[in-house]
Amino acid sequence: MKKLIEKGYCTGCGVCISESFSKKMKMSPNKYGFLTPINIEEIDNKPCLKVCPFNPHPDDFVKDEDALSMLFLNDASQKDVRIGAFENTYIGYSSKYRKTSSSGGIATYIFQQLLEKNIVDRLYIVKEYNGKYKYQFFNNKDEITQISETKYYPVTMEDLFLEIDKIDGKVAISGVGCFIKAIRLKQAYYPKYREKIPFLVGIICGGLKSSFFSDFLAASSGAEGEYDTPKFRIKDLNSNALDYSFGCNEKSNNRYHEMKMRKVGDMWGTGYFKANACDFCTDVTTELADISLGDAWLDEYIHDGAGTSVIITRSKLADKLIRDGISNKQLNVVSKPKNKIIQSQSSSFFHRQDAIKFRSCIFFMSRKNIPYFRKRFKILISPTAMLVQICRRITRKKSLSLWHKLRNIVKFNHKMKKYILLLKIMTKSEHLFRKIKRKLLSQ
Ligand SMILES: Cc1cc2nc3c(=O)[nH]c(=O)nc-3n(C[C@H](O)[C@H](O)[C@H](O)COP(=O)(O)OP(=O)(O)OC[C@H]3O[C@@H](n4cnc5c(N)ncnc54)[C@H](O)[C@@H]3O)c2cc1C
């Protein structure tokens, strides 16, 4: 457990805290701005690892997302190797919540319905807390937009299984893939939580960021020193969906700073400030949730700055909520083939599923007493794509170590320049390679 954490194979879900035998463990920010467990005693090792989404020795019946989906989503009518078990796939938005949400407002709509229809009594979601963000219990359906918007900020569910037994009624939870997997692991070992947590809203995730990401954006936007209420996805209704802004409040003078994200360049393809563990996760679409939600990064939707959601329903209940919303006109959503959803996350599928074998091989060569992770995908990528992977791993690592050392935006950008340049050159070569390959294959 300690070794996994030291080597960065923890995304901070915090479910292990409820399994701590010594009761001494808690989550705490590490030097790179990620939340990780501390005070781990030898006796905590086995129980904690069993609910860890990155456990290298899982029991066979919960060995990966496929095994877990057999336990929880066995009656889903369709299955796909890339997106997992599902009922249907859709694209669209909620007319009421789109404006105040990050994509199409479907997450807020679903949570409002779950409370309204008394399917659950409470939500456990990410919400503002003292100027930053935290998982909290919430049940105010009249103020539901308080829970909206994507927060690219480290959060943890450390208190979920410490508190949930004290709470009357049922709870619905939102989470990214590894967080949802940790909840499913807990439910697999403690079946009472299957009834207590009857619905999981999956947030499609391209990688979890450290708090350095937020600090870097605040500094890039002109905020000096401390800041609060960072907003990561401010929409521009006069532009396209990718053209969103970051905003925050400088604490010392209460000045608001806002900046278009395009000013800082690509923050996802570079792996900037991303958790190491995310490079060893193959779950692109949060395969174990009742419903999975992401952005419709497709040419036909990107032009609309108001934002559009891709939706994968995996349970019958989730599918009914979407279908009811369509028929009572609360949702402007249409059914779309699964390939459209896959296309909307194509870079993430390539990185997470196609390139995992190569990354695992590099990991295998450099491993230090950490067992090899079992992986579901064994695809061979091109030599240029391998070079992109190596450069991306370096850029990710350097972004964290340099920000930790410098905490100065000018010096940081200067030092990162050469790594970004190398990554750009490799990415261009990979694109060229793909183009030539396509041409040769079409002849
Ligand atoms: C770290 C991260 C990475 C993401 N990467 C991608 C990606 O690569 N591709 C893609 O298509 N979509 C990605 N998303 C999802 C996307 O940004 C939207 O959150 C999603 O489309 C839902 O939009 P919505 O308008 O329906 O949600 P809204 O109606 O705005 O509601 C937002 C919901 O997300 C929950 N939430 C916000 N932040 C977090 C968090 N950190 N952890 C858990 N729950 C949270 C809130 O509790 C709320 O329920 C990512 C989200 C996060 C948090």
Side-chain angles (χ1 to χ4, degrees), residues 11-14 35 90-94 96-115 123-129 132-138 144-157 160 172-180 182-183 199-211 213-214 230-235 241-242 244 266-269 273-275 278 281 283-286 289 291-298 301-302 306-312 322 331 333 341-352:
T11 46
C13 74
L35 290 165
Y90 305 88
I91 296 186
Y93 57 86
S94 146
K96 190 167 175 188
Y97 299 116
R98 184 189 206 191
K99 218 173 168 180
T100 43
S101 288
S102 289
S103 311
I106 305 292
T108 305
Y109 173 81
I110 292 288
F111 280 127
Q112 192 272 343
Q113 289 294 302
L114 291 170
L115 288 175
L123 313 175
Y124 186 69
I125 41 70
V126 179
K127 197 172 140 317
E128 195 263 336
Y129 180 81
K132 293 283 159 56
Y133 299 103
K134 190 177 177 292
Y135 261 103
Q136 294 162 63
F137 287 99
F138 183 84
I144 196 77
T145 52
Q146 280 186 20
I147 73 162
S148 304
E149 297 186 3
T150 301
K151 287 98 185 177
Y152 299 125
Y153 196 79
V155 285
T156 178
M157 307 188 293
L160 172 62
I173 303 172
S174 82
V176 294
C178 51
F179 281 45
I180 296 288
I183 296 170
F199 202 96
L200 296 173
V201 174
I203 303 293
I204 290 179
C205 171
L208 288 174
K209 301 288 195 189
S210 111
S211 59
F213 178 58
S214 180
K231 296 266 177 203
F232 297 93
R233 294 279 301 256
I234 302 166
K235 290 176 178 176
L242 279 169
Y244 55 85
D266 179 9
M267 289 285 109
W268 299 97
F273 309 113
K274 188 174 73 172
C278 299
C281 159
D283 180 359
V284 175
T285 55
T286 313
I291 190 165
S292 302
L293 305 168
D295 289 286
W297 299 134
L298 293 162
Y301 296 100
I302 277 180
T308 311
S309 298
V310 291
I311 305 163
I312 306 172
I322 293 296
L331 294 182
V333 162
I341 306 317
I342 294 173
Q343 197 188 331
S344 78
Q345 310 292 322
S346 56
S347 335
S348 192
F349 277 109
F350 184 82
H351 182 80
R352 309 275 282 280

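We count ligands from 1, going down the list as the structure has it; atoms in each ligand are counted the same way. Residues: numbered from 1 along the sequence shown.
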Engineer: Would you tell me which option among Thr150, Leu123, Ile341, Ile110 has the nearest heavy-atom contact to atom 52 (C) of ligand 1?
Structural biologist: Thr150

Engineer: Determine whether any heavy atom of Ser102 lies closer than 4.0 Å to an atom of ligand 1.
Structural biologist: yes

Engineer: Give me the residue, atom name and distance of the protein heavy atom closest to atom 51 (C) of ligand 1.
Structural biologist: Ile203 CG2, 3.4 Å

Engineer: Counting heavy atoms only, which part of Phe111 comes closer than 4.0 Å to ligand 1: side chain, backbone, both or neither?
Structural biologist: side chain

Engineer: If I apply the N/O under 3.5 Å rule, does Ile125 come out as touching ligand 1?
Structural biologist: no

Engineer: Heavy-atom pairs closer than 4.0 Å: do any link ligand 1 to the side chain of Leu208, the backbone, both, or neither?
Structural biologist: side chain

Engineer: Could you check which of Thr308, Thr286, Asp295 puts a non-hydrogen atom nearest to atom 16 (C) of ligand 1?
Structural biologist: Asp295

Engineer: Compare Gly206, Ser348, Gly175 and give the one whose heavy atom is closest to atom 7 (C) of ligand 1.
Structural biologist: Gly206

Engineer: Please verify whether a non-hydrogen atom of Tyr135 lies at under 4.0 Å from ligand 1.
Structural biologist: yes

Engineer: Among all protein heavy atoms, pick out the one at the shortest distance from atom 38 (N) of ligand 1; state its residue, atom name and that distance to 0.1 Å.
Structural biologist: Lys151 N, 3.0 Å

Engineer: Please round to the nearest 0.5 Å and tell me the distance separating atom CG of Leu160 and atom OH of Tyr135.
Structural biologist: 9.0 Å

Engineer: Does Trp268 reach ligand 1 with a nitrogen or oxygen that is under 3.5 Å from one of the ligand's nitrogen or oxygen atoms?
Structural biologist: no

Engineer: If we only consider heavy atoms of Arg233, is any one of them less than 4.0 Å away from an atom in ligand 1?
Structural biologist: yes

